[in-house]
Amino acid sequence: MSENKPNIQWYPGHMAKARRTMQEDMKLVDLVIEIVDARIVRSSRNPDIDKLAGQKSRLILLNKSDLSEDAENARWIAHFSAQNIGVVALDARTRTQMKKVVAAATEACREKIERDRRRGILNRPIRAMVVGIPNVGKSTFINSFSNKSVAKTGNKPGVTKGTQWIRIDNKLELLDTPGLLWPKFEDPVVGMHLAYIGSINDDIINKEELCMHFIEEILVRFPDAFDKRYEIQCEGKKPHEIMEAIAVKKACLVKGGEPDLSRVANMILDDYRGGRLGKISIEVAE
Ligand code: G4P
């Protein structure tokens with residue numbers, strides 16, 4: 001089965017439009033804050049961001065790090081730190097890491113802040129564009145990091161109509177952007193991994209097929225992930241047999257008592273997306 005990976009591609013027109021807007025707005029920011037999913041750090045990095053960001057300062061937020069393995073988060077942090085790229089592991093639903101994010105943003109823009117200071121410009125907030133593929137937690141990040149005193153500073157000259165700056169504190173202003181993918185996933189594994197975490201429109205996916213690949217991949221490092229969650233015995237079973245066993249156990253049956261594999265696929269993927277299969281990093285740092 002691993003030979004026949006589904007070729008998932010999704011680049012709707014609104015993303016091409018959003019990309020053009022981002023290109024315009026890029027001129028207005030000091031920093032690009034890239035939110036990635038800590039479970040698939042490699043696949044959730046949009047290669048187009050490198051082209052769009054050019055020489056801008058960068059900061060990577062490993063979001064949903066509560067759903068990935070702590071040891072793997074640490075390895076990803078070491079991986080980016082070794083390349084001098086600022087990185088913070090995050091659970092965007094809480095504000096606990098806010099100070100760390102502001103500190104990392106300041107550090108990433110240190111040279112610019114110094115340059116400003118020499119020119120007599122003091123305390124100008126860093127302007128950052130928040131980018132990321134769909135469903136990585138951009139809105140959650142912005143909502144939880146902008147507390148009640150949040151000031152939408154409104155449109156500024158030259159900013160695309162409707163662009164809103166969100167002031168986090170007197171040090172940081174954020175520009176929200178829509179979820180952006182790129183025109184073609186060269187490696188089918190990337191499309192699959194993005195689909196696992198819910199960054200691809202579920203309507204274009206054959207979830208049963210996707211789920212079988214998911215099970216096969218998870219079992220390599222977590223052989224008892226499904227046994228524990230669904231109280232079944234996976235040993236020696238193929239992915240479709242595991243799905244059938246789960247269907248019986250959870251009474252996901254269609255008329256006539258046949259297993260409802262579509263429902264099972266939805267359940268398994270939803271459970272993974274919501275962390276109910278445990279902390280599982282799909283992609284690990286080399
Ligand atoms: P987006 O703007 O990048 O598209 O993502 P969004 O913030 O809408 O977040 C997508 C889903 O991920 C939401 O769940 C959100 O609660 C969840 N989420 C965001 N950040 C984190 C995180 O750090 N950890 C965990 N565990 N979950 C996170 P949802 O089920 O789609 O919506 P909701 O029912 O939670 O509102």
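When a ligand or atom number is given, it counts from 1 through the structure's own listing order.
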With respect to [X], determine whether any N or O atom, backbone or side chain, lies less than 3.5 Å from an N or O atom of ligand 1.
| X | value |
| --- | --- |
| S65 | no |
| G137 | yes |
| V136 | yes |
| A92 | yes |

[Y] and [X] aromatic ring geometry - parallel, tilted or perpendicular at 30°/60° bounds:
| X | Y | answer |
| --- | --- | --- |
| H193 | Y196 | tilted |
| W182 | F185 | perpendicular |
| F214 | Y272 | tilted |

With a 3.5 Å distance limit and no angle check, can you tell me whether [X] reaches the backbone of [Y] through a side-chain donor-acceptor pair?
| X | Y | answer |
| --- | --- | --- |
| S281 | R39 | no |
| S65 | L90 | yes |
| N63 | D37 | no |

In the protein, what heavy atom is nearest to [atom], and what distance, to one decimal place, separates them?
| atom | answer |
| --- | --- |
| atom 2 (O) of ligand 1 | S139 OG, 2.6 Å |
| atom 27 (N) of ligand 1 | R93 CD, 3.6 Å |
| atom 12 (O) of ligand 1 | K64 NZ, 2.9 Å |
| atom 20 (N) of ligand 1 | N63 ND2, 3.1 Å |
| atom 10 (C) of ligand 1 | N135 OD1, 3.0 Å |
| atom 22 (C) of ligand 1 | D91 OD1, 3.3 Å |

Take R42 and E286, measure what salt bridge (Lys or Arg N to Asp or Glu O under 4.0 Å) needs, and give me the verdict at the end.
CA-CA 11 Å; R42 220 169 281 114; E286 266 139 31; 3.6 Å; yes
Which of these, L67, T140, V130, has its nearest heavy atom closest to atom 16 (O) of ligand 1?
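Of the listed residues, T140 has the closest heavy atom.
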Could any protein non-hydrogen atom be found less than 4.0 Å from [atom]?
| atom | answer |
| --- | --- |
| atom 35 (O) of ligand 1 | no |
| atom 31 (O) of ligand 1 | no |
| atom 14 (O) of ligand 1 | no |

Hey, are Q83 and H79 close enough side-chain-wise for a donor-acceptor pair under 3.5 Å?
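Judged by distance alone, the side chains do pair up.
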Using the salt bridge (Lys or Arg N to Asp or Glu O under 4.0 Å) rule, take K279 and E69 through it: C-alpha gap first, then chi angles, then the decisive distance, then the call.
CA-CA 5 Å; K279 284 170 174 262; E69 296 154 58; over 6 Å; no
Side chain to side chain contact (heavy atoms under 4.5 Å, CB included) between R45 and I60, worked out
CA-CA 10 Å; R45 295 198 69 196; I60 294 177; 3.5 Å; yes
By number and element, which atoms of ligand 1 are closer than 4.0 Å to a non-hydrogen atom of K138?
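Numbered from 1, ligand 1 contributes 1 (P), 2 (O), 3 (O), 4 (O), 5 (O), 7 (O).
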Go through ligand 1 atom by atom and flag the ones less than 4.0 Å from a non-hydrogen atom of D66.
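Heavy-atom distances to D66 below 4.0 Å select 22 (C), 23 (O), 24 (N), 25 (C), 26 (N).
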